[in-house]
Amino acid sequence: MLGKLTWSAVPFDQPIIMITSGVIALVLFAILALVTVKGWWPYLWREWITSVDHKRIGVMYVLLALVMLVRGFADAIMMRSQLALAAGGAQGYLPPEHYDQIFSAHGTIMIFFVAMPIVIGLMNFAVPLQLGIRDVAFPVLNNVSFWLTAAGVLLVNLSLFVGEFARTGWLGYPPLSEIAYSPGVGVDYYLWSLQISGLGTLLSGINLTTTILKLRARGMGYMRMPVFCWTALASNLLIVAAFPVLTATFAMLLLDRYCGFHFFTNDAGGNPMMYINLIWIWGHPEVYILILPAFGVFSEVVATFAGKPLFGYRSMVMATMVICVLSFVVWLHHFFTMGAGANVNAFFGMMTMIIAVPTGVKVFNWLFTLYGGRIRFTVPVYWTLGFMVTFVIGGMTGVLMAIPPADFVLHNSLFLIAHFHNTAIGGVLFGAMAGYTYWFPKAFGFKLDERLGKAVFWCWFIGFYLAFMPLYVLGLLGATRRMQHYPDAHWQPLMLVALAGAVLILCGIGLTVVQLVHSIRTREQRRDRTGDPWNGRTLEWSIPSPPPAWNFAQLPRIESNDAYWAMKQGAHGVEPPAAHSHAPLHLPPSNPTGVLLAFFSVVLGFALIWHIWWMAIIGLLGAVAVGLVQAWRPDHEVVIPADQIAAFYGRQAAEEIAA
């Protein structure tokens with residue numbers, strides 16, 4: 001009846017897991033009870049859960065990512081504390097099989113459920129506003145994309161309570177991930193959670209690509225788009241090209257595990273190396289899927305707070321698209337040591353060095369933009385300057401590892417871990433935090449506290465260097481990745497420094513929560529009455545904060561780069577929205593398709609993980625039924641009357657005058 005699911009799947013014998021599970025359950029119960037007592041369910045259902053507004057979906061993506069950052073960092077702090085203790089004869093407090101699950105879950109969560117949602121959330125929120133349009137191309141599909149990602153999040157976290165997670169690392173290499181060597185449900189949790197969330201990501205990529213290519217404001221040619229829109233376009237083109245490879249690769253591994261196929265075994269003509277090629281043909285473009293939107297954020301921040309147009313706009317666009325293309329010809333540098341041959345290694349080593357050139361172009365352009373500008377040292381600028389210092393170090397270590405003989409020495413060492421985190425934290429996370437701070441007043445109508453924001457930055461910046469610079473040294477000394485303990489006690493002082501850095505980063509995460517709570521409590525003092533708190537250059541700053549559901553009452557006409565800046569510098573300034581005559585607007589209504597599909601996807605995924613076939617049939621039929629209902633759903637729209645639009649802008653104008 002319940003397949004492989006028994007009471008033994010609940011880890012009652014592991015106090016760390018049970019205590020963690022209990023705390024999470026209590027927090028969730030408290031949140032649900034609060035929402036119920038306050039009577040917030042109708043509002044949440046109508047305005048958030050079923051919303052197809054790109055701005056609200058973007059906010060939900062970012063919130064999901066921040067919650068999962070806490071979850072993924074809990075794994076990180078456990079790893080760092082284990083390695084700080086497990087020196088010489090000491091074994092630490094985590095048994096090897098639990099430690100293997102922790103580092104596998106950490107990598108999976110941080111890439112798929114922190115970095116991906118936060119950059120997709122920023123793109124969802126900002127791109128339509130910067131393009132001067134009212135929503136993405138497919139609003140309902142946008143809602144579906146988010147909830148499929150949330151379904152993957154739920155499945156990956158269920159492995160904490162029921163069963164186990166994979167012990168194979170975050171990429172699930174065979175033969176370790178095959179049924180013979182991982183007969184439990186951990187790899188199945190990994191595969192199904194990523195298949196479901198990966199489908200959501202692919203749909204989001206299709207949606208945003210179509211939006212950028214087809215729905216720009218009148219007069220906004222490609223070379224008038226903000227650089228963030230260009231980096232979003234490149235990132236989503238990579239999603240559309242790369243994520244089907246990931247889906248097909250996982251599908252073949254699932255067929256190996258469930259149906260006895262031999263795609264990636266050594267039996268019956270299979271080949272484990274094929275999996276490694278395929279996973280990295282997805283995996284290296286994935287790095288640029290994450291970092292390109294961060295590059296776009298830094299471009300917006302630098303131009304805004306230097307008070308100058310971005311230096312070398314055309315070269316920035318060219319560099320972005322060169323990275324987009326070259327990202328597909330560097331994947332083999334991830335396995336130089338696996339016997340491809342000297343000629344193949346030489347080609348991929350050279351391509352890896354070449355792809356660093358357009359990134360260098362971007363760094364110089366940002367520096368030249370800052371040069372001679374009247375720089376305002378706000379929190380987004382702190383994150384940007386911290387990125388430029390940190391990412392250059394990560395880039396140099398990457399070029400070092402692109403040399404095959406050096407990679408033979410450093411492969412699978414802590415040097416590699418330090419390099420990867422150097423780019424992931426110093427690039428993606430710093431960019432995400434810059435974007436979060438930069439667009440927060442646009443999303444919610446008030447600024448975040450600057451003093452606490454700078455404290456968050458310094459905790460992350462100093463904490464990063466303390467946590468990962470020792471790992472470069474340890475890697476050169478021979479310390480390998482994925483080790484649960486080490487016999488050489490001389491490594492322990494550096495491990496303790498790395499733990500101190502992780503604790504400082506934990507302080508930064510805690511201060512982020514404090515900053516948010518404090519800013520909400522004092523929001524009236526931080527209120528943005530103008531819609532343009534930073535003296536911005538792009539169209540999102542031309543509308544009120546937070547934006548209305550329709551974004552623009554009248555769609556703008558674009559005549560130059562930095563469209564809003566040009567409007568502000570024009571002879572007649574910017575005409576207030578209240579001065580326009582308004583027509584009724586038609587908007588798509590809220591739609592429950594996404595959350596219902598997510599529910600049935602979780603049911604289907606959980607059932608397939610535990611081989612509960614009747615439940616799997618219910619989940620599949622439910623998902624198909626929801627899709628059919630949506631396909632034949634009457635296309636009703638919500639009509640916003642002209643007087644309601646006029647009244648909104650009238651209130652905005654009155655508040656601005658009062659301020």
Side-chain angles (χ1 to χ4, degrees), residues 111 171 173 230-231 234-235 237-239 241-242 245-246 249 271-295 312 314-367 387-424 426-428 472 475-476 481:
I111 294 298
L171 287 173
Y173 281 3
W230 269 108
T231 58
S235 177
L237 286 171
L238 290 175
I239 288 174
V245 178
L246 182 71
T249 306
N271 186 356
M273 275 303 302
M274 183 56 67
Y275 179 94
I276 297 171
N277 272 283
L278 289 172
I279 202 74
W280 281 116
I281 287 171
W282 161 81
H284 204 86
E286 166 69 5
V287 175
Y288 295 102
I289 289 169
L290 298 177
I291 197 62
L292 282 171
F295 287 168
R314 289 179 179 273
S315 64
M316 289 291 261
V317 171
M318 187 65 69
T320 298
M321 300 315 293
V322 167
I323 290 172
C324 181
V325 172
L326 292 182
S327 65
F328 275 102
V329 290
V330 295
W331 82 86
L332 198 130
H333 70 213
H334 290 277
F335 46 99
F336 277 151
T337 62
M338 295 188 185
N343 291 335
V344 173
N345 283 358
F347 171 81
F348 281 92
M350 288 186 288
M351 296 309 298
T352 304
M353 295 178 197
I354 290 170
I355 203 172
V357 174
T359 305
V361 169
K362 286 177 173 287
V363 172
F364 280 109
N365 281 353
W366 292 320
L367 291 172
F387 151 78
M388 283 196 273
V389 174
T390 306
F391 195 79
V392 166
I393 297 172
M396 289 190 298
T397 57
V399 171
L400 171 62
M401 296 189 72
I403 303 168
D407 187 75
F408 269 74
V409 176
L410 300 171
H411 187 74
N412 266 345
S413 74
L414 289 182
F415 190 98
L416 170 63
I417 297 298
H419 157 71
F420 182 78
H421 285 81
N422 208 154
T423 54
V428 180
Y472 279 123
L476 291 169
R481 64 195 301 193

- Quick one: do T320 and K362 satisfy side chain to side chain donor-acceptor pair (under 3.5 Å)? Show the steps, please. CA-CA 9 Å; T320 298; K362 286 177 173 287; 2.7 Å; yes
To the nearest 0.5 Å, tell me how far [X] [atom1] sits from [Y] [atom2].
{"X": "M353", "Y": "F348", "atom1": "CE", "atom2": "CZ", "answer": "14.0 Å"}
{"X": "D407", "Y": "F335", "atom1": "CG", "atom2": "CZ", "answer": "11.5 Å"}
{"X": "L238", "Y": "C324", "atom1": "CG", "atom2": "SG", "answer": "4.0 Å"}
{"X": "F387", "Y": "W366", "atom1": "CZ", "atom2": "CH2", "answer": "4.0 Å"}
{"X": "W331", "Y": "I276", "atom1": "CH2", "atom2": "CD1", "answer": "13.5 Å"}
{"X": "T359", "Y": "F364", "atom1": "OG1", "atom2": "CZ", "answer": "12.0 Å"}

Any side-chain heavy-atom pair from [X] and [Y] closer than 4.5 angstrom?
{"X": "L332", "Y": "V344", "value": "yes"}
{"X": "W230", "Y": "L292", "value": "no"}
{"X": "M351", "Y": "L326", "value": "yes"}
{"X": "M321", "Y": "V325", "value": "no"}
{"X": "I291", "Y": "F295", "value": "yes"}
{"X": "L410", "Y": "L476", "value": "yes"}

Over all atoms of both residues, closest heavy-atom pair of [X] and [Y]:
{"X": "N365", "Y": "S315", "answer": "ND2-OG, 2.8 Å"}
{"X": "F336", "Y": "A402", "answer": "CE1-O, 3.5 Å"}
{"X": "P358", "Y": "I323", "answer": "CG-CG1, 3.6 Å"}
{"X": "F328", "Y": "A241", "answer": "CZ-CB, 3.7 Å"}
{"X": "A242", "Y": "W282", "answer": "O-CD1, 3.6 Å"}
{"X": "P293", "Y": "Y288", "answer": "CD-O, 4.2 Å"}

- Message: Does atom CE (M338) have a neighbourhood of more than 12 heavy atoms from anything else shown, all under 6.0 Å?
- Response: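 Yes.
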Please check if the side chain of [X] supplies one atom and the backbone of [Y] the other of a donor-acceptor pair under 3.5 Å.
{"X": "T390", "Y": "G426", "value": "no"}
{"X": "H411", "Y": "F408", "value": "no"}
{"X": "H419", "Y": "G394", "value": "yes"}

- Task: Kindly write out the residues that satisfy side-chain hydrogen bond (donor to acceptor under 3.5 Å, both in side chains) with T249, not counting sequence neighbours, or none if the list is empty.
- Result: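 So T249 forms no side-chain hydrogen bond (donor to acceptor under 3.5 Å, both in side chains) with any residue.
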- Task: Could I get the full list of side-chain hydrogen bond (donor to acceptor under 3.5 Å, both in side chains) partners for H334, not counting sequence neighbours?
- Result: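 side-chain hydrogen bond (donor to acceptor under 3.5 Å, both in side chains) check on H334 returns H284.
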- Query: Between F415 and F420, is the gap from one ring center to the other below 6.0 Å?
  - Reply: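 Ring-ring flag for F415/F420: false, centres at least 6.0 Å apart.
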- Task: Have a look at I289 and tell me which of I239, V428, L237 forms a side chain to side chain contact (heavy atoms under 4.5 Å, CB included) with it.
- Result: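 Testing each of I239, V428, L237 against I289, the sole residue satisfying side chain to side chain contact (heavy atoms under 4.5 Å, CB included) is I239.
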